[in-house]
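This is a predicted model, so every value here is computed, not measured. Throughout, a chain's letter reflects where its sequence line sits, starting with A, and its residues are numbered from 1. Reckoned from all heavy atoms, side chains included, excluding hydrogens, waters and symmetry mates.
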Number of protein chains: 2
Amino acid sequence: MATLKDIARETGFSVTTVSRALNGYFDVSEGTRTKIEQTAKRLGYSPNIIARSLVTKQSKTIGFIVTDLKRESIKDNFMYETLCGVSDTLASTTYEFVVLSTSTAKQKNKTYRQICAERQLDGVVIQGLKIEDPYLIEAMDSDTPCVLIDIPIEGEKAAYVTSNQFESAKQAVKYLRRMGHEKIAYMNGSEHAHVSQIRKKAYEEALRETGVELDPALVVNGDFEEEMARRAALHLLLNRSDVSAFFCASDVMALGVMQAAKELGIQIPKDLSVIGFDNILLSRYITPKLTTISQQPYEMGSAAAEMLIQLIEGHDGERQIELKNELILRESTSNR
Amino acid sequence: MATLKDIARETGFSVTTVSRALNGYFDVSEGTRTKIEQTAKRLGYSPNIIARSLVTKQSKTIGFIVTDLKRESIKDNFMYETLCGVSDTLASTTYEFVVLSTSTAKQKNKTYRQICAERQLDGVVIQGLKIEDPYLIEAMDSDTPCVLIDIPIEGEKAAYVTSNQFESAKQAVKYLRRMGHEKIAYMNGSEHAHVSQIRKKAYEEALRETGVELDPALVVNGDFEEEMARRAALHLLLNRSDVSAFFCASDVMALGVMQAAKELGIQIPKDLSVIGFDNILLSRYITPKLTTISQQPYEMGSAAAEMLIQLIEGHDGERQIELKNELILRESTSNR
DNA sequence: CTGTTAGCGCCTTCAC
DNA sequence: GTGAAGGCGCTAACAG
């Protein structure tokens, strides 16, 4: 691969001049610039970003840290869509991104600082971390800019993008209330995820505001997994025939609930109304079609990347973005 | 961030010795090694891969070049699953990967060589390129090792992983033949994709071997898109009421075919049998459940990454891997 | 306008 | 066993 040195030798100019010519500085005469550009082209020169990074301290690469980039999530695709958003936005910049799949366990082996330092990451997009994950704390007082997805924590160099999940979750529960449901169960996701906490709070608040006393027995946990949700729902529905509606913190868990209902001969929506969260692809293909809350993961990824670039380049602008979710009424809900 | 120099200053040794101690060379005394290791730890040292790359010529990063990493493909998830495979395999190595989303158009702006050179990529996994894409030719006579997914071309530094699609496609068509179908239409994908060509060839060969004359009018093109497939199928089915079966080069296109049939009041499988390709998640959720051919994208990604590491590190081993597909019989096919 | 000098953080001879 | 010197490819002062 041709280097600046090669071009310098060919053209007779110094490496410095060649560098400046190729980087569009104005203190090079038109003549030498064209000459240098031509031989650069002839030699198939292309700058070594690695070498450049070493001196400029900018690697032009950002990290996309995700928890458990796993095949199972083809059902929700949340990760994939945010990744597409990030990728598309970055495509029009000079930045590239490395995918860093992590887990709570892995975070003990390599610190966040190390990850950033090793490759001199210019910035980081974080997705799917648990609230007590080491990386989250580290990220907050790190010098490398970062944008959190769905975890609303602000920091000196940290921004976040989230959605109005609280309001939309409340809206879903209140919708069930208006339909006459009173014994509304809630299928929560992993307790360690911020989104779980907030959705649960929304559920509780919606009930309170509509005059329903909270019944802790109606709150179960499916850890965002279909099978866990199925079992939890099975258990609950078996013991509590008074439950007439189920609000789930994710569509995948709603799938589990529907399966459990089917096994028990409970008809949806006649005997049980179900609302999910995410508006996954499957939700409109299953029977009955699932009433759910749509999110905009692609837009989240894309907004995150945009904010990150702003942070990296020191511009000021939005530090928090809240995207709008929407309650999508379909066939899995009906009057009590 | 602490550097070797910092550790050298602290311990009193030279940078050279510190480097050797930390890299496990044996020509350092036990005492100095432990001392150096301790202060390295204390200072939170972690090597600067960028700087190291510059001298070792190994960036420890591989490129994952994909065509059109786009949100639409949440329906097939092929890309995502291979990505997971690559990610998981790389997780146990010291390599990281950058996602490089490209397109035929983009390939004119930046050459494959440049992409590899700029970041000194140690190797590349290529997925989804069209057969006349510039990158494909360039990759073949490039010095950086690469592994192709689903494009069986071998090269000095190139390996590939694919599946027995030819056989499995033939199997599918022959299955339709055994069910008594004679007028079997074929919905092809993009002509520029290698997989399209091979599946089409399989279709033709299966017909020939079972004594059916080829009818070019029965071969239509949906470009791997649902809507395009829907329209193409609509057109064909409208004009050719003798068609009793449809073999599709992808499940997504099969979805389009099923939609077209529905619009025309054609019952599946009573009036029309449909077979897809990919075994996407949706295929077993729709009604009727789609008969299809399953692939193993995750395993492809994972195998590709493994082979790539072998190539990079100069070990010899398999250069071609063929994974097994499987015909999955469900509800969209029946006797003529 | 152009060249010289210096250095980014690291590794690899080659001496001692 | 340890250190000095040199260089990877590039950019950033600083002179001229």
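A side-chain donor from one of B:E154 and B:Q320 sits under 3.5 Å from a side-chain acceptor of the other. At a cut-off of 3.5 Å, with distance as the only test, no side-chain donor of B:Y45 or B:T39 sits close to an acceptor on the other residue. Checking B:Q127 against B:T82 by side-chain atom types alone, a donor-acceptor pair falls below 3.5 Å. Counted by atom type alone, A:T17 and A:S14 present one or more donor-acceptor pairs between their side chains at under 3.5 Å.
If you check residues 29-47 of chain B against DNA chain D, the residues with a heavy atom closer than 4.0 Å are B:S29, B:T32, listed by number. A heavy-atom distance below 4.0 Å to DNA chain D is reached by these residues of residues 19-27 of chain A, ordered by number: A:S19, A:R20, A:N23, A:Y25.
Here the nucleotide nearest the side chain of A:K57, chosen from D:dT11, C:dG9, C:dG3, is C:dG9. Considering only side-chain atoms of B:T17, the nucleotide from D:dT2, C:dG9, D:dC10 that sits closest is D:dT2.
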Take B:D150 and B:Y160 through the side chain to side chain donor-acceptor pair (under 3.5 Å) test and state the conclusion after the steps.
CA-CA 7 Å; B:D150 261 346; B:Y160 66 83; over 6 Å; no
Determine, step by step, whether A:S53 and A:Q120 satisfy the side chain to side chain donor-acceptor pair (under 3.5 Å) criterion, reporting the C-alpha distance in whole Å, the side-chain angles of both residues, the deciding distance to 0.1 Å, and the verdict.
CA-CA 8 Å; A:S53 301; A:Q120 287 190 187; 5.2 Å; no
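The CD1-P distance, from A:I50 to D:dC10, rounds to 11 Å in whole Å. In this structure, A:R52 atom CZ and D:dC8 atom P are separated by 18 Å, rounded to whole Å.
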Enumerate the protein-to-nucleotides 5-7 of chain D contacts in which both atoms are nitrogen or oxygen and the separation is below 3.5 Å.
none

Identify every side-chain donor-acceptor pair in residues 301-315 of chain A under 3.5 Å, counting partners at least two apart or on other chains, and give the distances.
| from | atom 1 | to | atom 2 | distance (Å) |
| --- | --- | --- | --- | --- |
| A:S302 | OG | A:T89 | OG1 | 3.4 |
| A:Q310 | OE1 | A:H315 | ND1 | 3.1 |
| A:E313 | OE2 | A:Y95 | OH | 3.2 |

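A salt bridge is absent between B:E156 and B:R319; no separation between the charged side-chain nitrogens and carboxylate oxygens falls under 4.0 Å.
For the helix from C:dC1-D:dG16 to C:dC16-D:dG1, the angle separating the two terminal helix axes comes to 40°, with each axis derived from five pairs and the value rounded to 10°.
Judged as a salt bridge (charged side-chain N to carboxylate O under 4.0 Å, His left out), the pairs with a partner in residues 105-134 of chain A (not counting sequence neighbours) are, in order, A:K110-A:E118, A:R119-B:E96.
Annotation: A:K157, atom NZ; neighbour count of heavy atoms from other residues, nucleotides and ligands within 6.0 Å does not exceed 12.
Two residues, B:S14 and B:A51, neighbour DNA chain D, and the one matched to the more 5' nucleotide by heavy-atom proximity is B:S14.
Evaluated for a salt bridge (Lys or Arg N to Asp or Glu O under 4.0 Å) with A:E10, the options A:K5, A:R42, A:K41 yield exactly one hit, A:R42.
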